[in-house]
Amino acid sequence: MKIIRTVIELQTRLKEMHLSPVGFVPTMGALHEGHLSLAQSAVQQCPVVVLSIFVNPTQFNDKNDLKNYPRTPDSDLELLKKVLRETDLVFTPDIKEIYPEEDKREFHFGNLDNVMEALHRPGHFNGVAQVVSRLFEIVKPDIAIFGLKDFQQLAVIKALVKQTGNKVKIIGNPIIRENDGLAMSSRNRLLDPVIRYHAAIIYKTISAITLMIKNYNIAEIKSFVRDSISNVPGFKVEYFEIVDDIDLIPLSTKDEMRKDKRYFGCIAVVAGKIRLIDNIEIGLV
Ligand code: PAF
């Protein structure tokens, strides 16, 4: 694989190689097996893959979160050697390459701006839309692969692509989990060891809902989720919603479920000082 730092170098290389489809995996580094599975799936589908590593400041609504976001450039490159080929490109731009001037664009995503992550991280998805649209403009991928752990982000990116008329195919890949079920995340390495041990409760709880949905109503399920997780010292549920996968409209009753839609239980938990998200598909009843 080749490490590329500038837009001009990246575009020149892609032009010289003249391979298609071009696969793209955007990341913020601190890579783990979840990212590697995205890269692997891009490699299987595309003769050339671009994987970007860029910690995008515009998507952090909390300055401390940006400061503390893990950065592990050496181990990232070591890990990527396991999956990327000689022809693949690792794009590690500095901020001026992505934002030669301040990005003042504002994006609107309808209901996606009014639920879950959007309510708890104001401005976050605007920043994601800024960087992803900019990266798409630079890389011009045919296929872009994202993790389903960031469920609302995937819906936002699909909406962004629809709005801008970009032809890139957006693929959401399954969540990769640790042995105890915790969804892999760059933030897991920031967890205090005791909190990390107990963090398995998140997946255990949301897994139980896939069975509970048959016999309990939405209000009962929500209070089960809150109690099960908030009873663990240091854990607080920020939100739990069951939503459809397109507009992410939260269900208030099971009668609102439609056969032509898929539903996911989505959760955000503050575990010690770290915020974790996860989700699981809930079958129709
Ligand atoms: O999911 C992420 O790591 C980031 O939000 C993304 C898509 C790379 C944009 O910075």
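Quick note: numbers below take in every heavy atom, side chains included, and nothing from hydrogens, waters or symmetry partners. Positions are given from 1 along the sequence. Atoms within each ligand, like the ligands themselves, are counted from 1 in listed order.
- Between N279 and F264, the shortest heavy-atom distance links the atoms OD1-CD2, 3.7 Å.
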Extract all N/O-N/O pairs under 3.5 Å that connect ligand 1 to the protein, and present each with both atom names and the distance rounded to 0.1 Å.
residue	atom	partner	partner atom	Å
ligand 1	1 (O)	Q153	NE2	2.8
ligand 1	5 (O)	Q59	NE2	2.9
ligand 1	5 (O)	Q153	OE1	2.7
ligand 1	10 (O)	Q59	OE1	2.6

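- Shown here are the side-chain hydrogen bond (donor to acceptor under 3.5 Å, both in side chains) partners of Q59, two or more places apart in sequence or in another chain: N56.
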Pair up each side-chain donor or acceptor in residues 198-207 with any protein partner under 3.5 Å, not counting sequence neighbours, and list the distances.
residue	atom	partner	partner atom	Å
T205	OG1	I201	O	2.7
T205	OG1	S228	OG	2.7
S207	OG	Y203	O	2.7

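- Ring geometry, F109 versus F107: the interplanar angle falls under 30°, so the pair is classed parallel (tilted spans 30 to 60°).
- Checked against Y239 for a side-chain hydrogen bond (donor to acceptor under 3.5 Å, both in side chains), the options H120, R226, E117 give a single hit: E117.
- Within the structure, the ring-ring contact (aromatic ring centres under 6.0 Å, His included) test picks out no pair touching residues 5-26 (sequence neighbours left out).
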